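Convention: sequence-line order gives letters A, B, ...; per-chain numbering from 1. Since we're looking at a predicted model, the values are computed, not measured.
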2 protein chains.
Amino acid sequence: MGKDLSYKDKKVITIGVVRDLTGLSERQIRYYEERKLIFPERSPGGSRKYSFADVELLMDIANKIEDGLQTHEIRKEMLREEKKQNQEDVRRKMIQGQLNAQFGIRKRQ
Amino acid sequence: MGKDLSYKDKKVITIGVVRDLTGLSERQIRYYEERKLIFPERSPGGSRKYSFADVELLMDIANKIEDGLQTHEIRKEMLREEKKQNQEDVRRKMIQGQLNAQFGIRKRQ
DNA sequence: CGTGTAAGGAATTCTGACACG
DNA sequence: CGTGTAAGGAATTCTGACACG
């Protein structure tokens, strides 16, 4: 429980570095946030912080934009995938619950 | 050949985030660099960029300082470990070379 | 719709130095 | 030796707006 996120998911990268890593403009990066495609954290002072996972997501988004998709379509795609992922999680947890009920609680290390 | 570094080794984190991640002061972080214990990259504008590996290294350094070690002792320790690591690498590569000579070049995927 | 840009301000980082010890 | 701090400046980031289309 409460496992600390791996490097990939830690939000530690500022927008300038993300710009360099992705090749996108800061304007584009902020705009995709405005359109609810990406969700950086904020420093106490208000600076955006991104993870490596965010960087990869941004490159996916950029590809889809190039393919002519609009941001709201990309958003719908993402929500669909998220939903599917949640369903898989639920199924996995239900099976785990069954196993625990049968054989007792055993924490995986 | 030329494999791109994993997340752990990419220098993308600014000093403020490193401060928050390690609990060290910016002064301390810069000082350990001055003492050649840590080697951040620089942005075009001159800002330091650290990797997650650097963050972990800084926490090791902090522990050793607390144990009363001086920076130059810590540096010697690190150089010793680095040397040992290099020797291991050489040995590994020599063995690989032998195998290639015997059985031909085969790239590991 | 998606992106560029100029504007003004605030947060962030930098260096070199003085201080304590 | 290791660290804190005030100082001044430069790089970085922020927001809201106008522009094009």
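One can place CD of B/Glu66 at 13 Å from C1' of D/dG2, the figure rounded to the nearest angstrom. We find that NZ of B/Lys49 is positioned 8 Å from P of C/dT13, with the value rounded to whole Å. Between the CG atom of A/Asp20 and the P atom of D/dT13 there is a distance of 9 Å, given to the nearest Å. When the P atom of D/dT3 is taken as reference, atom CG of B/Leu58 falls 11 Å away, rounded to whole Å. Between the P atom of C/dT12 and the CD1 atom of B/Ile29 lies a distance of 14 Å, rounded to the nearest Å. Atom OH in A/Tyr31 sits roughly 19 Å away from atom P in D/dA19 (whole-Å rounding). Across the protein-nucleic acid pair, A/Arg30 atom CZ and D/dA17 atom C1' stand 14 Å apart, rounded to whole Å. Rounded to an integer number of Å, the gap from B/Glu33 CD to C/dC14 P is 8 Å.
In terms of heavy-atom proximity, B/Ile13 sits nearest to B/Ser51 at CD1-C, 4.1 Å. For the residue pair A/Leu21 and A/Met59, the shortest heavy atom distance occurs at O-CE, 4.3 Å.
Within the shown strands, C/dA10 is the pairing partner of D/dT12 under the Watson-Crick or G-U definition, both distances less than 3.5 Å. In this structure, D/dA19 forms a base pair with C/dT3, meeting either the Watson-Crick or the G-U wobble geometry with both donor-acceptor distances under 3.5 Å.
A donor atom on one side chain and an acceptor atom on the other are not found under 3.5 Å apart for B/Arg27 and B/Tyr31. Side-chain contact check for A/Asn86 and A/Glu82: no donor-acceptor pair (N or O, by modelled atom type) lies under 3.5 Å.
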Give the C-alpha distance, both sets of side-chain angles, the deciding distance and a yes or no for salt bridge (Lys or Arg N to Asp or Glu O under 4.0 Å) between B/Arg30 and B/Glu26.
-> CA-CA 6 Å; B/Arg30 294 199 192 97; B/Glu26 296 181 20; 3.1 Å; yes
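Of the candidates D/dT3, C/dT13, C/dG4, the closest approach to any side-chain atom of B/Tyr32 belongs to D/dT3. Candidate nucleotides D/dG2, D/dT5, C/dG2 were compared by shortest atom distance to the side chain of A/Thr71, and C/dG2 ranks first. Which of C/dT13, D/dT3, C/dT15 sits closest to the side chain of B/Arg42 comes down to C/dT15.
Checking A/Leu69 against A/Ser43, the closest nucleotide of DNA chain C that is more toward the 5' end is the one next to A/Leu69. Heavy-atom distances to DNA chain D give each of B/Ser25 and A/Ser47 a nearest nucleotide, and the one nearer the 5′ end belongs to B/Ser25. Toward the 5' end of DNA chain C, the nearer of the two residues A/Ile65 and A/Thr14, judged by each one's closest nucleotide, is A/Ile65.
Within the 4.0 Å cut-off from OP1 or OP2 of C/dC14, at least one side-chain nitrogen or oxygen of B/Arg48 is found. For D/dT5, the OP1/OP2 oxygens have no side-chain nitrogen or oxygen of B/Arg27 closer than 4.0 Å.
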